[in-house]
Each structure stands twice: as structure tokens, then as C-alpha cells.
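Heads up: the structure comes next, in C-alpha cells.
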Amino acid sequence: MRDTLTSNLNPEQLQAVTLSHESALILAGAGSGKTRVLTSRIVWLLQTAHASSQEILAVTFTNKAAKEMLARLSASVPLHHAMWVGTFHGLCNRFLRLHHTEAKLPANFQILDIGDQLSLIKRLSKTLKINDEKTPPRKIQHYINSRKDSGLRSGAISPSTPDEKILLDCYAAYEIQCIKEGIADFAELLLRTIEVLKSNYGLRTHYQERFRYILVDEFQDTSLLQYEWLKLLSGKTNAIFAVGDDDQSIYGFRGANADNLRLFEKEFKLKHIIRLEQNYRSQGNILDAANGLISYNKNRLGKNLWTQKGAGEPIKLHAAQNDIEEAQHIVNQVRNLKRQGLSFSEMALLYRANAQSRILEHTLFNANVPYRVYGGLRFFERAEIKHALAYLRLSAGIFDDNAVLRVINFPTRGIGAKTIEMLQDAAQIHNYPLMEAIRKNLVAGKAGQALNHFSELIDRLQLKISGLVLSEAIERVIAESSLYSFYENEREGQDQLDNLNELINAASLFQTESDTPTIHSFLAHASLEAGDYQTSSTHSDSVQLMTIHAAKGLEFDTVFVSGLEEGLFPHDHSLHEKTALEEERRLMYVAMTRARQRLYLSYAQNRMLNNQRRYGIRSRFLDEIPEALIQLTSVHQSLQHSGTRIAESAVFPSTNKEWAIGQNVIHPVFGAGEIMNVEGQGETTRVLVGFKNRGAKWLAVAYAKLTRI
DNA sequence: ATTAGTGGTGTTTTT
DNA sequence: CACCACTAAT
């Protein structure tokens with residue numbers, strides 16, 4: 001049994017997996033089998049009886065990683081609920097639900113997501129009469145979150161400027177409101193857990209005695225607070241097995257601190273730092289390119305990946321004239337590869353910012369290529385979903401102000417801004433939650449009647465769903481609240497209807513998978529895993545589109561990275577600070593190391609951004625990749641498969657109406673070629689065509705009989 | 001008092 | 001281009 005577990009590990013991996021009860025740092029490069037080591041370690045601990053399920057705590061950074069770990073574990077060992085596996089936030093949530101009394105939280109406290117948080121802050125800002133020109137709610141939100149992420153309550157801060165005084169006052173009011181409504185934001189989950197552990201000796205000792213083996217994935221992405229949480233749980237004697245890669249630290253903007261790696265080494269007096277440097281993922285060229293790039297970073301622990309694989313294909317670089325051509329070129333390549341027998345799902349289109357997905361989507365759509373976009377608008381953050389969940393909360397007897405305000409006049413029922421304002425004033429005087437103010441008839445006259453209708457609706461809903469299981473309850477709520485019919489009558493409401501149906505699906509899935517399929521835990525689940533459900537464009541084989549941040553931890557045969565321009569990647573906001581620039585470079589490193597076989601890079605000389613055309617120069621990162629590894633996309637390359645290309649052009653009709661760079665053409669005399677440059681307009685358009693066998697020629701489109709293929 | 005329509009404004013990355 | 005705040009129409 002032990003043999004099958006450890007036989008496929010290389011010496012370093014084996015050493016890491018079979019460490020005795022001690023803290024250790026595993027510096028695991030991209031593609032070095034990090035997840036495998038982590039899961040093998042857990043399996044090894046269990047199978048060799050070093051640890052029982054309940055003594056293990058494994059924490060990951062994303063839900064995706066947690067799920068993957070659980071999936072891999074369940075293949076080798078029976079999964080036990082006593083084993084704590086999840087994200088920092090997820091595990092803190094679990095802790096706080098178990099110990100809500102000690103944490104001074106209501107048993108069913110709500111989790112506030114970014115949107116809810118912002119609207120709460122907006123409301124507070126209004127009542128505090130804060131000038132939102134000078135102090136925009138977003139700024140307040142950022143202030144609050146960054147303080148909380150560093151463990152600071154409002155009471156612990158003394159403002160250094162009058163401006164900060166305003167922010168701080170708002171923070172204090174925000175804290176009071178959260179307590180009053182029994183809600184917790186993301187940072188609160190962590191902060192509150194730490195405070196409870198610190199102040200409650202009994203609980204602290206209990207968990208310290210329990211979790212003898214603590215395993216941490218993506219350690220470089222932990223914040224100071226998360227590190228403190230780990231230290232609290234580990235006590236003096238427990239072993240922390242931390243896996244990380246300083247070169248892949250890309251969440252600095254959110255408080256992640258790769259210095260935790262060094263801190264951990266020092267504070268835990270580590271005997272073992274194990275480097276996993278053999279890469280099992282990428283071809284040599286890709287790896288060399290990534291190594292070359294990352295070597296420009298000064299602040300590194302040092303590590304050099306190597307592979308036994310061959311060099312593979314060179315890295316392809318395409319210089320497009322503009323964003324449209326760039327997208328067109330990428331899609332052309334995608335179709336090319338598909339014709340060579342590769343599946344769409346093994347191709348990923350990565351970009352720096354979500355806004356870049358639009359043009360790629362557009363081009364893919366026109367070319368009939370199935371695709372799937374990850375991230376962007378998260379499923380549970382869509383308005384219609386939030387409406388439905390707000391109704392669900394109210395129907396379940398959770399009357400937080402956010403939920404009330406979200407649906408009190410949606411669909412419209414004659415409750416306008418004025419009525420709401422009166423209601424809020426009345427509620428404030430008596431220090432009531434909004435729903436209670438409605439129930440107590442604090443608003444007189446016509447407005448009060450409208451409010452009564454609303455509260456009757458909620459009563460009705462509450463009655464209708466009692467005794468129903470989760471998914472039925474949601475279905476009922478969506479129907480009875482007339483959300484469904486509202487979107488049915490909307491001209492453009494089909495997407496919203498699909499999403500609502502998807503929500504019902506998500507609920508029934510949750511019902512079968514969770515061991516507490518209650519409304520309350522579903523709501524918590526929805527806040528914590530906002531990104532995991534996507535509206536299913538359930539084409540099984542589709543091109544994957546996502547930001548580089550979202551791609552971390554994933555791998556694909558073919559990776560396209562577009563928008564490699566100064567100002568976009570590296571992004572404007574990070575050009576001035578050296579640490580920020582290094583983080584951008586690590587981001588590029590992450591992007592490149594996602595690729596197994598083929599890596600395509602591209603940039604555009606100009607692109608539409610912020611509704612204006614921006615002229616960028618190629619990213620410095622391109623110059624940091626060893627030149628010999630890069631191949632400018634040449635005619636020869638893109639025409640390798642021109643034979644099949646013509647045959648299939650009927651299946652994939654070209655939608656390119658213009659003569660664009662990257663367009664493949666056929667000339668009756670010169671044969672097949674690719675357009676490399678375009679000049680002039682209309683009748684006078686001239687194109688530079690690179691022919692497969694005849695070199696490049698300028699041709700006037702009015703005379704040359706070019707056929708687009 | 002509500003709503004629909006208009007014009008101005010601003011966008012990195014996310015548990 | 002999408003979201004917000006403000007304004008004019010109902």
C-alpha cells in the first residue's frame with residue numbers, strides 16, 4: 001500500500017511526503033507536483049497511522065484548490081468530515097458557526113459580500129452626511145477592509161489626518177451596524193476567529209491539541225492575519241507543512257505577503273526547506289522562457305525549474321496592429337489547432353484584466369467557436385440572483401436591512417426613494433431593523449400601506465415555504481415573489497431566467513452534497529463560493545477564457561496570453577512601485593507556466609480602452625524572455641496546414657470583412673499567404689502578403705485576385 | 001411619487 | 001460600455 005503511494009514520487013517529493021512530525025517549507029515551483037505532494041502527504045499520514053482524520057487541518061487559498069484536494073483524497077482514502085479541509089474563509093466560517101456563542105455572533109449570521117458591503121457603506125455614508133465627492137464609498141470600503149485585513153478594529157486606530165478621521169468614523173459606525181444586524185464581512189470571518197482563539201483559552205487549547213498536522217497550500221498568498229491564525233492553531237507543538245512558491249505570489253494587492261515564507265522559516269526554526277524544481281508540465285522552451293523572465297526579479301528565494309521533456313515548439317509572438325486583429329489572429333490559431341485534432345477545452349485565453357475578454361468573446365462568437373468565460377461577473381453576484389437570495393433570506397426569517405432594501409421595490413410596487421427614506425428615518429429613531437419598522441407601522445399614510453403590502457408578501461412567502469426542502473423553497477420564492485414573471489415580461493430577460501433556473505439547480509446540487517442542506521448554510525455557501533457556479537454554457541468542449549489570476553493552479557496544452565503592452569501588462573497602476581512591478585512579472589510567470597505544449601503571446605499596437613484608442617508599446621516582459629526562444633508568427637508557421645484549412649473553411653465561415661493582419665489569403669499565382677500589413681482604404685487598399693514560398697509582396701486589393709480563407 | 005430616459009464618469013487582479 | 005446620479009415626463 002505504501003509502495004503504490006510513494007513509488008511515483010521523485011526523491012524530493014518523497015522526502016516531503018514522508019517527513020516526520022515537524023514543520024517544513026516546501027518550495028514548489030510551477031508544475032512540480034505541488035498538489036500531488038500535499039495530498040500524498042495527507043494520505044501517507046493517514047495510512048501510516050501518523051495521524052487520524054480529526055488531527056488534520058488542510059487549508060487552501062481558493063475553493064477550486066480545496067475541491068481538487070478533496071477529489072484527489074477521496075480516490076485514496078475514505079473522507080471523514082472530522083478532517084478540516086477548505087479555504088481560510090471557509091474554515092473560519094465553519095469555526096464561527098460552531099462557536100457562535102463564544103464569538104458573540106447570532107447562530108445564523110449572514111456573510112456580507114463586496115456588493116452588500118458597499119451598499120451598507122453607502123447607507124452609512126449618507127446618514128453620517130459624508131461628502132461622497134471627497135470621500136467616495138469605495139474609498140471607505142477599501143479603508144475598512146485593509147484595516148481589518150491587518151487586524152485593526154476601529155477602536156485601535158488613532159487617525160493621523162482629518163481625512164482619516166472621517167474614514168475612521170465611518171469604520172466605527174460600520175462595525176456597530178454589523179453587530180446590530182448580526183452580519184460579518186470576509187475580513188471579519190478571519191479577524192473574529194483570531195480574536196476568539198486569542199481570548200478563549202479553552203477553545204484555543206482544544207484546537208491546538210486537536211490539529212497536530214496543519215497543511216497549507218499556496219503559502220506565499222497568505223496575509224499576516226492568516227499567518228497569525230496558523231500560528232495560533234499550531235501552538236507550540238504542532239507541525240505546519242507549508243507549500244508555496246514565492247515566484248507565484250500574485251495577491252499582494254489584497255494583503256498577501258510573500259515575506260511570510262521567510263518569517264515562517266525563521267519563527268519556526270525550520271530544519272527542512274525542500275525545493276521541488278523538476279517541472280512535469282511544460283516543454284523546455286516554455287520553461288526556459290519563464291525562467292528567463294522571472295530572473296529579472298530581485299527579491300526571490302531562488303529556484304530554477306528544469307524538465308526532462310524536450311524543447312518543444314518555440315514560443316510564438318504576434319504583433320497585431322490593433323486589438324481586433326489580435327483577437328482575430330488568436331481565434332485563427334485556435335481554429336488551426338482544432339483542425340489539427342486538439343480540443344478546444346485544452347486551449348486557454350488568458351489576460352490581465354477582465355475587460356479584455358469582451359473582444360475575444362466577440363471574435364470567438366463570430367467564428368462559431370464554443371467558449372467559456374470564468375470570472376468576471378460571478379454567478380452569485382448577478383443582480384437577479386441576489387434578488388432571489390434576498391427574498392429567500394426574508395422568507396427564512398432573516399431580516400437584514402440589505403435584503404429588505406434590495407427587494408423592497410423590486411419588482412416595483414410603488415415604494416420609492418421617499419418612502420424608503422421615511423422608513424429609514426423612523427427605524428433609526430427607534431433603533432429598529434428596517435423590517436421591524438415596517439411591521440410596527442412606523443410610516444403613516446399611503447406609503448405605510450405600500451410597506452404593509454410588502455410585509456404581507458414576505459409573510460406569505462414565509463408561510464409558503466415552511467416545510468419545503470431547499471430547492472423547492474427557492475423555486476417557490478422566485479415564483480411567488482413575482483421575480484420570475486418580471487423577467488418573463490422583460491424583452492431581454494432570458495439570461496436572467498436562465499440564471500434563476502440555474503440557481504434552483506445549484507440549490508438541489510447543494511442539497512445532495514452538503515450535510516447541512518439548510519437555507520442558512522446555502523446562503524453562507526453562496527457568499528463564500530461566489531465564483532464557482534457559472535451560467536452553464538455547457539458545451540463540453542470549449543475554449544477557456546479567464547484572467548491570469550483565475551488561471552493560477554490550472555494547466556492547459558495551449559495558452560494564449562494577449563495584451564502584452566506597457567500600461568496594460570504590466571498595468572499602469574504598478575509601473576511606479578518596484579514591488580508592484582515585480583508582482584506583475586510574477587503574474588506573467590504564472591501565465592506562461594500554465595502551458596504544457598504551446599505558448600502564444602501577442603500585443604496590439606493600439607487598442608480601445610476606456611472608450612479611447614490607446615497606443616501602447618510592447619511589454620517589457622517580452623524583452624525579458626530569451627530572444628532565441630521566441631518566434632515571430634511567420635507565414636510559414638501559420639500555413640503549415642493550409643491544405644485542410646481550405647477544405648474546412650465552409651464549416652468555419654470567415655466573418656472577417658476587412659483586410660486584416662493575420663488574415664490568410666490565396667493568390668491565383670503566388671499561392672497561399674498571410675496578410676502582414678495593410679495600407680490605405682477602400683479602392684486604394686494595399687496589403688503586404690507573406691507567401692509561403694514566394695516571400696512578401698505588396699498587392700493592391702483592387703487588382704490582385706486575393707481570396708480570403 | 002415613480003419611472004424612464006439622459007448624460008456624465010470611471011475600471012486591475014479576488015477569497 | 002456599463003453603472004450611477006440627476007432630470008423630465010407620467
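These values consider heavy atoms only, across backbone and side chains, with no hydrogens, waters or symmetry-generated copies. In what follows, chains are A, B, ... by sequence order, proteins preceding strands, each numbered from 1.
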Check the angle between the aromatic planes of A/Y174 and A/Y171 and answer parallel, tilted or perpendicular using the 30° and 60° thresholds.
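Ring orientation of A/Y174 relative to A/Y171: tilted.
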Measure [atom1]/[X] against [atom2]/[N] and give the value in whole Å, please.
X: A/L568; N: B/dT13; atom1: CG; atom2: P; result: 10 Å
X: A/Q449; N: B/dA1; atom1: CD; atom2: C1'; result: 15 Å
X: A/K552; N: B/dT12; atom1: NZ; atom2: P; result: 20 Å
X: A/R413; N: B/dT2; atom1: CZ; atom2: P; result: 13 Å
X: A/Q141; N: B/dT15; atom1: CD; atom2: C1'; result: 14 Å
X: A/R94; N: B/dT15; atom1: CZ; atom2: C1'; result: 18 Å
X: A/H142; N: B/dT12; atom1: NE2; atom2: C1'; result: 12 Å
X: A/Y351; N: B/dT14; atom1: OH; atom2: P; result: 9 Å

Can you confirm whether A/M592 sits close enough to A/I625 that some side-chain heavy atom of one is under 4.5 Å from a side-chain heavy atom of the other?
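The answer is yes; the side chains approach within 4.5 Å.
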Is the shortest heavy-atom distance from the side chain of A/L57 to the side chain of A/L233 under 4.5 Å?
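The answer is yes, as the side chains (C-beta and beyond) meet within the 4.5 Å cut-off.
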Counting the atoms with a prime plus P, OP1 and OP2 as sugar-phosphate, which does A/Y251 contact under 4.0 Å by heavy atoms, base, sugar-phosphate, or nothing?
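If one applies the 4.0 Å heavy-atom cut-off, A/Y251 turns out to touch the sugar-phosphate alone, with no base involved.
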Any base atoms under 4.0 Å from A/N354, or only sugar-phosphate, or nothing? Heavy atoms, all strands.
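The answer is sugar-phosphate, as A/N354 gets under 4.0 Å only of primed atoms, P, OP1 or OP2.
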Taking the minimum atom-to-atom distance to the side chain of [X], which one of [options] wins?
X: A/K122; options: B/dT2, C/dC4, B/dT14; value: C/dC4
X: A/H573; options: B/dT3, B/dT14, B/dT11; value: B/dT11
X: A/H571; options: B/dT15, B/dT13, B/dT12; value: B/dT12
X: A/I114; options: B/dT15, B/dA1, B/dT12; value: B/dT15
X: A/R254; options: B/dT13, B/dT15, B/dA1; value: B/dT15
X: A/K418; options: B/dT15, B/dA1, B/dT13; value: B/dA1
X: A/N409; options: B/dT3, B/dT13, B/dT15; value: B/dT3

So does [X] get a side-chain nitrogen or oxygen closer than 4.0 Å to the phosphate oxygens (OP1/OP2) of [N]?
X: A/R358; N: C/dA2; answer: yes
X: A/T547; N: B/dT14; answer: yes
X: A/T419; N: B/dT2; answer: yes

Would A/R72 and A/E68 pass as an ion pair if we require N to O under 4.0 Å?
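Yes, charged N to carboxylate O under 4.0 Å.
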Check ion pair A/E188-A/R153 (N to O, under 4.0 angstrom)
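So A/E188 pairs with A/R153 through a salt bridge.
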First of A/T412 and A/L587 reached from the 5' end of DNA chain B, by closest nucleotide
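Checking each residue's closest nucleotide, the 5'-ward one belongs to A/T412.
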Quick one: on DNA chain B, does A/I415 or A/A550 contact a more 5' nucleotide (nearest heavy atom)?
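The 5'-side residue here is A/I415.
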Stacking between A/F253 and the base of B/dT12 (centre distance under 5.5 Å, interplanar angle under 30°)?
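So A/F253 does not count as stacking on the base.
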CZ/A/R413 to CD1/A/I408 distance, rounded to the nearest 0.5 angstrom?
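It comes to 8.0 Å.
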